[in-house]
Trainee: 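Below is one structure. I have some questions about it.
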Amino acid sequence: MMDILVTVDGLAKSFGSHDVFSHVSFTIRQGEKVGLVGVNGSGKTTLLRCLMDPSFADKGTIQFAGELRVGYVQQGFEDFRAETIREFMQRSCPDILALRREMQELEAAGATAEGGDLQAVLDRYSRVEARYAHLDGYHYEANIKKVLIGLGYPETTWDWRADKLSGGQKTRLMLASALVNSPDLLVLDEPTNHLDIVMSEWLEKYLRQFRGGVLVISHDRAFLDAVVDSILEMEGGTLHRFKGNYTRYLEQKDLQVLSQERAYEAQQDYIRRTEAYIRRFKAGIKSKMARGRQSQLDRLERIDAPVREETFELRLPHAAESADKVIIMEHLDAGYPGRILLKDVNLVLRRGEKCAIIGPNGSGKSTLLKTILAEIPPLGGECKVGNRVRIGYFSQSYERLDPGKTIMEDFLTEYGLTDEETRRLLGSMMFHGEDVFKTIGSLSGGQKARLVLLKLVLDGANCLLLDEPTNHLDIAAKEAVEAALESFDGTVLLVTHDRYLVNEVAGRIWAVEDGTLADYAGNYDFYLEERSKRQAAAAGSPAAKPAQAVRKKAAEAAPAAPAGPAGKQPVRTAEKRAAAGRQYTPAEAEKLLPDVELRIREYEALQKVLSGQIADPENQADPEKSLALAREYESQQKVLDGLMEKWEALMEAIG
């Protein structure tokens with residue numbers, strides 16, 4: 001069994017009358033990789049703060065194993081001063097520096113001490129030196145060099161000012177600071193927020209190979225799928241643990257919610273029927289039975305309604321008609337005087353396409369968007385916007401928001417709506433009551449992102465240029481943005497490091513390669529596959545040629561599928577295709593209908609029995625059995641849905 005690194009028991013934290021969480025208990029063992037998820041404001045970062053400073057918690061205990069070394073990477077960059085990268089790293093382990101100073105002081109004291117004083121100095125020096133060696137202080141500078149180079153900081157960069165670095169560079173430097181201490185436990189708060197895709201994948205690989213324990217807050221679903229082996233979910237002030245990565249957690253969560261909802265609904269139905277019985281017979285000849293029912297009801301352990309965290313729903317308006325060619329780039333050079341970032345770009349974005357631009361930090365992605373917006377002039381060639389194209393722009397620096405104004409003032413000034421209309425719109429973005437009078441400068445990144453997204457809705461644009469729109473959003477909010485972009489019938493050009501978002505939304509990818517944009521007609525999974533093929537072909541791989549020939553013949557032989565919106569192909573299961581294409585004669589329908597109706601009644605009866613079993617408190621107390629019942633219910637529901645579809649087809653045939 002793996003050693004337990006940290007044990008948290010009965011932890012609670014409140015701010016005033018607001019209980020952030022209570023009764024939080026969990027352990028992290030050697031080698032475990034644990035993801036901490038939950039909506040923004042649910043208490044995840046507060047929990048990490050309690051972990052790093054147990055005195056911050058109101059109740060509960062936190063026990064670390066022995067002299068555990070913890071590496072902590074927090075959100076934000078408050079720790080950066082006007083110093084070089086070298087100086088920042090030198091103070092990344094204050095314990096080593098303090099011990100080093102104490103050893104120097106003891107050496108100086110030992111030079112003049114005598115007798116008993118000298119022995120005391122030597123004893124103290126021995127203890128300090130042992131601690132210094134345990135922290136690997138003698139190899140501190142060598143470890144700094146190894147970690148910095150591994151994270152993309154060659155020695156030529158070590159004299160750069162740390163406080164002038166980009167967000168992604170600072171994140172990597174904070175990570176280097178945590179790793180240089182050879183920690184037993186890594187505690188990471190949104191480590192991929194400012195990392196590009198390449199660096200996120202590097203971090204995933206590092207953490208998979210890391211032998212210590214990891215506790216990480218992340219809203220990056222692809223990252224969680226690649227790294228963690230269990231999920232801690234903060235919801236409604238309580239913590240629940242699930243085995244597996246993020247995708248596995250979602251599957252378990254869906255089944256758990258289904259089980260909880262069925263149990264709650266079944267108990268509520270029982271309570272309503274029992275209360276009706278009591279009201280009907282409490283004064284009649286059955287009053288004794290009614291009192292017995294009341295006693296039974298009083299003893300009933302009530303099942304709590306499933307917790308539903310608040311989220312927002314984003315609905316982009318219908319996109320007005322525009323020219324077919326929305327953005328046209330011909331021999332375009334983009335960048336700044338003396339520094340071309342993207343050269344000789346020849347691409348056209350057409351109406352209805354949803355395209356993602358991906359590439360390393362600093363490679364020119366945001367610069368390209370600003371060139372399209374005419375905020376930065378082209379260095380060569382030209383960039384044109386089509387007729388009747390109305391652009392809506394989401395900037396990752398939230399330039400459309402005035403930090404000095406309140407939320408209400410900002411929206412009233414820009415859109416001239418009434419107070420009531422403005423409050424209603426802001427409420428849809430989860431700004432309620434006195435929230436609307438907060439100054440924009442005091443808001444979190446996620447709150448600012450929601451406001452800019454609301455402005456895109458109000459703008460009524462038919463072409464959206466989005467620069468990291470989901471960077472500070474929680475997973476539920478990201479899913480709302482994905483759903484809105486998927487259903488949007490306009491054009492989207494998206495800069496993002498969110499691989500999950502690219503996979504869900506984009507039907508085309510422009511990847512920064514060798515200082516220009518390479519065009520891929522598909523989502524992120526397609527891009528990875530196609531990039532591998534191109535790299536193999538460029539390398540002249542013998543194995544690639546026969547495979548390419550086979551794929552070409554298969555593509556030529558396959559019938560063409562009709563293209564859906566944004567260049568995506570419609571996806572239908574074989575069963576749905578078969579059902580959609582099946583036609584019945586009236587005589588066939590008359591013959592088949594009684595059997596289908598009988599099977600429907602049978603499955604409805606089975607569903608009723610299962611609902612009762614799901615509601616059984618004994619089954620509720622057994623999570624595995626409860627989930628198995630929920631799976632069976634879901635499976636039978638799919639069969640019942642299929643029978644109902646068939647019944648409708650038969651009824652249509654009979655006429």
Side-chain angles (χ1 to χ4, degrees), residues 311-328 348-357 366 368-375 383-402 405 407-431 436 440 447-470 473 477-496 501 504-508 564-567:
T311 186
F312 68 89
E313 184 176 357
L314 189 66
R315 293 184 179 180
L316 293 166
H318 170 69
E321 194 73 13
S322 72
D324 177 63
K325 294 182 178 180
V326 175
I327 297 171
I328 308 103
V348 175
L349 187 67
R350 297 185 180 275
R351 183 178 63 243
E353 284 191 313
K354 296 182 174 73
C355 179
I357 307 175
S366 298
L368 179 64
L369 293 191
K370 291 180 179 178
T371 304
I372 294 169
L373 291 164
E375 293 182 6
C383 178
K384 296 179 289 186
V385 175
N387 294 328
R388 305 186 306 282
V389 173
R390 185 176 181 183
I391 292 178
Y393 177 47
F394 183 107
S395 166
Q396 61 176 308
S397 57
Y398 312 119
E399 293 158 3
R400 295 190 59 182
L401 301 174
D402 186 338
K405 289 181 178 178
I407 300 172
M408 277 288 285
E409 287 171 343
D410 190 82
F411 276 78
L412 287 172
T413 302
E414 185 166 353
Y415 295 101
L417 302 172
T418 66
D419 283 13
E420 183 180 351
E421 289 171 329
T422 304
R423 277 185 171 275
R424 178 176 54 80
L425 287 167
L426 292 173
S428 70
M429 291 287 112
M430 302 191 296
F431 294 98
V436 301
I440 288 173
Q447 290 171 319
K448 291 176 183 176
R450 296 203 304 268
L451 291 177
V452 177
L453 290 168
L454 178 57
K455 289 192 174 188
L456 291 181
V457 172
L458 296 173
D459 290 343
N462 56 14
C463 176
L464 301 180
L465 301 190
L466 309 176
D467 194 356
E468 297 289 359
T470 62
L473 297 179
K478 287 183 177 185
E479 290 171 347
V481 172
E482 285 165 10
L485 293 179
E486 283 185 283
S487 61
F488 181 53
D489 57 355
T491 308
V492 176
L493 186 58
L494 167 72
V495 170
T496 184
L501 176 66
E504 292 296 306
V505 172
R508 186 177 183 186

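Just so it is clear, the model here is predicted, and its values are computed rather than measured.
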Trainee: Among all residues two or more places apart in sequence or in another chain, which pass the salt bridge (charged side-chain N to carboxylate O under 4.0 Å, His left out) test with Lys455?
Mentor: Asp410, Glu414
Trainee: Could I get the full list of salt bridge (charged side-chain N to carboxylate O under 4.0 Å, His left out) partners for Glu321, not counting sequence neighbours?
Mentor: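 Here the qualifying residues are Arg351.
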Trainee: Excluding sequence neighbours, so at least two apart, what forms side-chain hydrogen bond (donor to acceptor under 3.5 Å, both in side chains) with Asp402?
Mentor: none
Trainee: Restricting to salt bridge (charged side-chain N to carboxylate O under 4.0 Å, His left out), what partner residues turn up for Lys384, sequence neighbours left out?
Mentor: Glu382
Trainee: Taking side-chain hydrogen bond (donor to acceptor under 3.5 Å, both in side chains) as the test, write out the residues that go with Arg388, two or more places apart.
Mentor: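 Not a single residue meets the side-chain hydrogen bond (donor to acceptor under 3.5 Å, both in side chains) criterion with Arg388.
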Trainee: Could I get the full list of side chain to side chain contact (heavy atoms under 4.5 Å, CB included) partners for Thr413, not counting sequence neighbours?
Mentor: Lys405
Trainee: With sequence neighbours left out, write down each residue that passes salt bridge (charged side-chain N to carboxylate O under 4.0 Å, His left out) with Glu479, or none if nothing qualifies.
Mentor: none
Trainee: Please check this pair: side chain of Thr496 against backbone of Glu468, looking for a donor-acceptor N/O pair closer than 3.5 Å.
Mentor: no
Trainee: Is there any salt bridge (Lys or Arg N to Asp or Glu O under 4.0 Å) pair reaching into residues 422-431, and which pairs are they, with sequence neighbours excluded?
Mentor: none
Trainee: Could you pull out all residues at least two apart from Leu425 that satisfy side chain to side chain contact (heavy atoms under 4.5 Å, CB included)?
Mentor: Leu417, Leu454, Leu458
Trainee: Indicate the atoms forming the closest heavy-atom contact of Ile372 with Val385, along with that distance.
Mentor: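 It is O-CG2, 4.0 Å.
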Trainee: Write down the atom of Pro469, the atom of Ala449, and the distance for their closest heavy-atom approach.
Mentor: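 The pair with the smallest heavy-atom distance is O-CB, 4.2 Å.
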Trainee: Of all residues at least two apart in sequence or in a different chain, which pass the side-chain hydrogen bond (donor to acceptor under 3.5 Å, both in side chains) check with Asp324?
Mentor: Arg350
Trainee: How would you list, by chain and number, every residue that makes a side chain to side chain contact (heavy atoms under 4.5 Å, CB included) with Ala480, sequence neighbours excluded?
Mentor: Phe312
Trainee: Partners of Lys370 by side-chain hydrogen bond (donor to acceptor under 3.5 Å, both in side chains), sequence neighbours excluded?
Mentor: none
